[in-house]
K.L.:
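This is the structure I want to talk about, given as structure tokens.
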There are 2 protein chains.
Amino acid sequence: MDDALRRFKAEIFSALAHPTRIAIVELLRDGEITAGAIMVRLGLEQANVSQHLAVLRGKSIVVARREGNQVFYSIRSPLLLDVLASLRTYFEQQLSQASDLLLSIQAEAATPTGVDPEVLP
Amino acid sequence: MDDALRRFKAEIFSALAHPTRIAIVELLRDGEITAGAIMVRLGLEQANVSQHLAVLRGKSIVVARREGNQVFYSIRSPLLLDVLASLRTYFEQQLSQASDLLLSIQAEAATPTGVDPEVLP
DNA sequence: CCGGTATATTCGCAAGTTCGAATATGAGGT
DNA sequence: ACCTCATATTCGAACTTGCGAATATACCGG
């Protein structure tokens with residue numbers, strides 16, 4: 001019984017366990033957007049975007065709304081944003097503790113200053 | 001923008017994307033506990049517990065403390081529990097919105113490749 | 001009906017995950 | 001030193017995931 005809840009949580013985590021899908025959810029934070037716009041904004045293959053959207057759809061994380069030619073996607077429940085908000089706090093604490101990781105992120109992103117907090121979900 | 005940060009987030013999600021590892025984290029909610037106790041409480045193989053603990057350790061979700069023969073594990077940051085708590089709220093809302101969501105989750109888990117035939121209603 | 005545009009799905013393959021069995025390490029007691 | 005208990009790691013098989021190429025579906029205008 002409690003196992004069903006854990007499986008559900010694990011599936012939500014699995015659905016978010018990919019950088020591209022995190023990027024998609026971050027994009028949808030500001031409101032609905034078409035699949036094509038996601039493709040352009042993230043610079044991905046069309047099929048790839050559609051596959052990742054299918055994963056998010058399958059776990060009911062996003063919902064699709066058809067309007068003529070295009071399909072608009074949006075976050076299904078604002079409560080998921082609360083989950084991401086608590087994760088943001090967690091990541092901030094982890095990043096401030098793991099300074100060597102922070103440095104590696106800075107080096108890889110080639111940004112002179114620290115991590116922009118606005119980027120976090 | 002910050003792909004390295006998104007990869008880091010995705011790795012944390014991946015680390016939690018398994019029912020057993022969620023169960024371990026929930027067990028550790030009440031304080032530190034030995035690997036052997038986790039094995040007994042969850043009824044798992046010894047190697048399996050150790051492998052899952054290695055994943056959680058690798059992402060710094062838990063920390064290990066050796067005391068003689070045994071190894072005590074504990075949650076590294078209590079903020080992670082806030083994440084799981086908000087995820088439970090999310091789950092409860094999903095249930096109240098669609099009472100058969102659990103069944104669809106179970107059906108989908110039983111049929112791995114099965115995704116809703118129609119994207120839109 | 002035909003063409004074009006937007007999105008979805010299928011396919012094949014490489015890469016990653018999970019599990020139990022077997023094996024290895026580490027610590028304490030004799 | 002040896003033995004034992006607790007935990008970790010390695011190995012191989014089954015399974016899953018991610019990707020681009022190709023293909024399919026849906027909608028709209030002419």
K.L.:
Are any protein N/O atoms closer than 3.5 Å to N/O atoms in nucleotides 5-10 of chain D? If there are, list each pair with its distance.
P.N.:
residue	atom	partner	partner atom	Å
D:dC5	O2	B:Asn69	OD1	3.4
D:dT7	OP1	B:Val71	N	3.3
D:dT7	OP2	B:Gly36	N	2.8
D:dA8	OP1	B:Tyr73	OH	2.3
D:dA8	OP2	B:Ser50	OG	3.0
D:dA8	O5'	B:Ser50	OG	3.4
D:dA8	N7	B:Gln46	NE2	2.8
D:dA8	N6	B:Gln46	OE1	3.1
D:dT10	O4	B:Gln51	NE2	2.9

K.L.:
Do any side-chain nitrogens or oxygens of A:His52 fall under 4.0 Å of OP1 or OP2 in D:dC19?
P.N.:
yes
K.L.:
Specify the separation, in whole Å, of atom NE2 of A:His18 and atom P of C:dT17.
P.N.:
11 Å
K.L.:
B:Glu45 has an atom CD; how far is it from atom C1' of C:dA21, in whole Å?
P.N.:
9 Å
K.L.:
Whole-Å distance between C:dT17 C1' and B:Phe13 CZ?
P.N.:
19 Å
K.L.:
From CG of B:Leu16 over to P of C:dT17, roughly how many Å is that when rounded to an integer?
P.N.:
14 Å
K.L.:
Measure the distance from CD on A:Glu32 to P on C:dT7 and round it to the nearest whole Å.
P.N.:
12 Å
K.L.:
Regarding A:Glu92 and A:Arg88, does a basic nitrogen lie under 4.0 Å from an acidic carboxylate oxygen?
P.N.:
yes
K.L.:
In chain order, what residues pass the side-chain contact (heavy atoms from CB on, under 4.5 Å) check against B:Val49, with sequence neighbours excluded?
P.N.:
B:Ile38, B:Met39, B:Leu44, B:Leu53
K.L.:
If we count only N and O atoms by modelled type, under 3.5 Å, do the side chains of A:Ser60 and B:Gln94 hold a donor and an acceptor together?
P.N.:
no
K.L.:
Listed by chain and number, what are the side chain to side chain donor-acceptor pair (under 3.5 Å) partners of B:Asn48, not counting sequence neighbours?
P.N.:
B:His52
K.L.:
Give the rounded distance in Å between these two atoms: CE of B:Met39 and P of C:dC19.
P.N.:
15 Å
K.L.:
Distance from B:Thr89 atom OG1 to A:Leu80 atom CG, nearest 0.5 Å?
P.N.:
12.0 Å
K.L.:
Can a donor-acceptor pair be found, under 3.5 Å and without considering hydrogens, that links the side chain of A:Arg21 to the backbone of A:Leu56?
P.N.:
no
